[in-house]
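Here's a structure for you.
Just follow the structure's listing: the first ligand is 1, and inside any ligand the first atom is 1.
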Amino acid sequence: MTTIDRLSDDPGMSTAQSAADPLVELFADSPRHFAGSPLYARLGQVVAADERLLAIARHARSGQLPSNLLLASVHYLLLRDPAQELAAWYPSCGAGTATGDPGPAFTAFCLRRREEIVALMRRRLVQTNVVKRSAVLRLGMTVVASMTDEPVTLIEVGSSAGVHLRFDDYRYDLAGRTWGRASSAVVVSAEWRGEGPPPDLGPLPVIADRVGIDLNPIDARDPDERLWLRALIWPENTAQATLQDEALRAVAANPPRTYAGDAVDLLPEVVAGVPRGTPVVIFHSATRLHVPAERREAFDAAIAGAGREHDLFHLSFEASRDLGTQGFALELRRGGEPGRRLAIGHGHAEWISDSGEARPDVS
Ligand SMILES: C[S@@+](CC[C@H](N)C(=O)[O-])C[C@H]1O[C@@H](n2cnc3c(N)ncnc32)[C@H](O)[C@@H]1O
């Protein structure tokens, strides 16, 4: 059971703070959950110890991680107004020079701006569109190219702003080798941790069509939507933010076709629109874990259903129980055949490996 499942199922969500409260546990676990962000590691603990802040966090939409939503909502308000005292602890706000405990400034800000934070938490979703995951899509597409000569239709489920749907516009650096569009401003580099040489990231299949499905597609041309995506990135992670800006520019210049809604409902219709004889690649990353537990069977069935009329390549990059908290597995299933693990990687694709063994986390 994932943290989100535990949060949605626990009847104690509306009761007072207690050691058994999954929300308290979630925030208390911030040093691990936000490994790589000393600021969020600390702020999570501040929230875990303060019932007034926990009460704000309880407004997160069902199925959404309250810790990510609360911290992103505060971050969003600071990015819009970096003159706030609290912004001095945020490297993303141009400052990040403050020393000492950010807890008091954070608490005061949350209590003062409570209504705006709650409104954001009720409206927004955790939709971080991690550009580096395009590297695993590219790796998977290379394997697909080795299995079919036909042009394929690429469908991304949980496409957020659609940065992966433009994956073939980017340049890739892996273990000292490069692939893709050499002149691209979007340079995706990942560390190769495999035992052997890195995989080839080409050639790719011809892509006849590409389309995204998301509960809430983000319009890369809208500055406010881009700001929300920026707010979802941890404040210290300025390199990821810069990469995201570049990718969003590429997407905004050439927006992919995207449908709004639940993939369980939309996939059959979208797949029905693909010409007979065209293989379909359905890709999702960091999406299945956001599907409520009771909907996952239907989610899997909607994808498998595409194999009834088409040669289906199901590519997924999702958390896998055997890889611990930071490991994701890239898996490929063709039609009804058993899945094949192509690689494993850091959840944000900071590193990729061919081995099935989880590596110690890198921040
Ligand atoms: C954490 S984001 C990941 C975005 C992107 N796949 C990536 O790896 O960068 C998860 C995305 O999945 C979408 N999502 C979750 N459940 C969905 C569903 N049942 N149908 C369509 N989209 C869904 C969310 O709206 C969100 O944009």
Side-chain angles (χ1 to χ4, degrees), residues 2-5 8 33 60-69 71-72 123-140 154-167 170 186 188 190 210-220 225-226 228-234 237 240-241 243-244 247-248 250-251 256 258-271 281-303 305-306 314-319 328-331 345-350 352:
T2 66
T3 309
I4 293 177
D5 296 334
S8 340
H33 184 69
R61 271 169 69 158
S62 162
Q64 299 292 303
L65 268 178
S67 49
N68 293 56
L69 262 191
L71 291 169
R123 189 159 62 91
R124 303 284 193 172
L125 301 176
V126 178
Q127 297 192 267
T128 318
N129 209 179
V130 179
V131 183
K132 285 193 177 195
R133 291 187 189 132
S134 290
V136 293
L137 171 58
R138 187 164 174 121
L139 198 166
L154 170 63
I155 301 174
E156 183 179 13
V157 170
S159 49
S160 183
V163 301
H164 302 143
L165 286 165
R166 292 280 167 236
F167 77 102
Y170 311 151
V186 184
V188 177
R210 60 191 81 205
V211 48
I213 299 176
D214 200 286
L215 289 174
N216 178 46
I218 298 260
D219 183 349
E225 301 255 285
R226 286 202 302 271
W228 175 249
L229 281 189
R230 173 67 193 90
L232 285 165
I233 296 177
W234 305 341
N237 211 340
Q240 186 181 341
L243 182 61
Q244 179 175 273
L248 289 176
V251 172
T258 307
Y259 296 96
D262 191 321
V264 174
D265 307 319
L266 288 184
L267 251 180
E269 199 182 311
V270 172
V271 171
V281 179
I282 297 182
F283 172 65
H284 54 88
S285 61
T287 294
R288 191 177 181 276
L289 79 162
H290 290 277
V291 176
E294 67 279 8
R295 289 282 281 173
R296 265 179 221 149
E297 206 176 307
F299 180 86
D300 296 340
I303 294 173
H314 175 189
L315 262 179
S316 61
F317 186 60
E318 298 283 347
F328 275 37
L330 176 67
E331 288 175 353
H346 180 271
H348 283 190
E350 293 292 341
I352 303 171

Legend entry - Residues that Glu331 engages under side-chain hydrogen bond (donor to acceptor under 3.5 Å, both in side chains), provided they are two or more places apart: Arg333, Arg341

Quick one: ligand 1 N/O to protein N/O pairs below 3.5 Å?
unit_1: ligand 1; atom_1: 6 (N); unit_2: Gly158; atom_2: O; d: 2.8
unit_1: ligand 1; atom_1: 6 (N); unit_2: Ser285; atom_2: O; d: 2.8
unit_1: ligand 1; atom_1: 6 (N); unit_2: Ser285; atom_2: OG; d: 3.4
unit_1: ligand 1; atom_1: 8 (O); unit_2: Arg133; atom_2: NH1; d: 2.7
unit_1: ligand 1; atom_1: 8 (O); unit_2: Ser285; atom_2: O; d: 3.3
unit_1: ligand 1; atom_1: 8 (O); unit_2: Ser285; atom_2: OG; d: 2.6
unit_1: ligand 1; atom_1: 9 (O); unit_2: Thr128; atom_2: O; d: 3.2
unit_1: ligand 1; atom_1: 9 (O); unit_2: Asn129; atom_2: ND2; d: 2.9
unit_1: ligand 1; atom_1: 9 (O); unit_2: Val130; atom_2: N; d: 2.8
unit_1: ligand 1; atom_1: 9 (O); unit_2: Arg133; atom_2: NH1; d: 3.3
unit_1: ligand 1; atom_1: 19 (N); unit_2: Asp262; atom_2: OD1; d: 3.0
unit_1: ligand 1; atom_1: 20 (N); unit_2: Ala263; atom_2: N; d: 2.9
unit_1: ligand 1; atom_1: 22 (N); unit_2: Leu215; atom_2: N; d: 3.2
unit_1: ligand 1; atom_1: 25 (O); unit_2: Gln127; atom_2: NE2; d: 3.4
unit_1: ligand 1; atom_1: 25 (O); unit_2: Asp214; atom_2: OD1; d: 2.6
unit_1: ligand 1; atom_1: 27 (O); unit_2: Gln127; atom_2: NE2; d: 2.9
unit_1: ligand 1; atom_1: 27 (O); unit_2: Asp214; atom_2: OD1; d: 3.2
unit_1: ligand 1; atom_1: 27 (O); unit_2: Asp214; atom_2: OD2; d: 2.6

Legend entry - Candidates Val157, Val291, Ile213 - the one meeting side-chain contact (heavy atoms from CB on, under 4.5 Å) with His284: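 In the set Val157, Val291, Ile213, the residue that makes a side-chain contact (heavy atoms from CB on, under 4.5 Å) with His284 is Val157.
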
Inset, instruction - Taking the side chain as every heavy atom from C-beta outward, state whether Val163 and Val186 have any atom pair closer than 4.5 Å. - result: no

Legend entry - Results of side-chain hydrogen bond (donor to acceptor under 3.5 Å, both in side chains) for Arg226 - residues two or more places apart only: none

Inset, instruction - Could you list the residues that satisfy side-chain hydrogen bond (donor to acceptor under 3.5 Å, both in side chains) with Arg230, not counting sequence neighbours? - result: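 Per chain and number, Arg230 pairs via side-chain hydrogen bond (donor to acceptor under 3.5 Å, both in side chains) with no residue.
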
Legend entry - Partner of Ser160 by side-chain contact (heavy atoms from CB on, under 4.5 Å), out of Ile218, Thr258, Thr287: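 For Ser160, the side-chain contact (heavy atoms from CB on, under 4.5 Å) check succeeds only for Ile218.
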
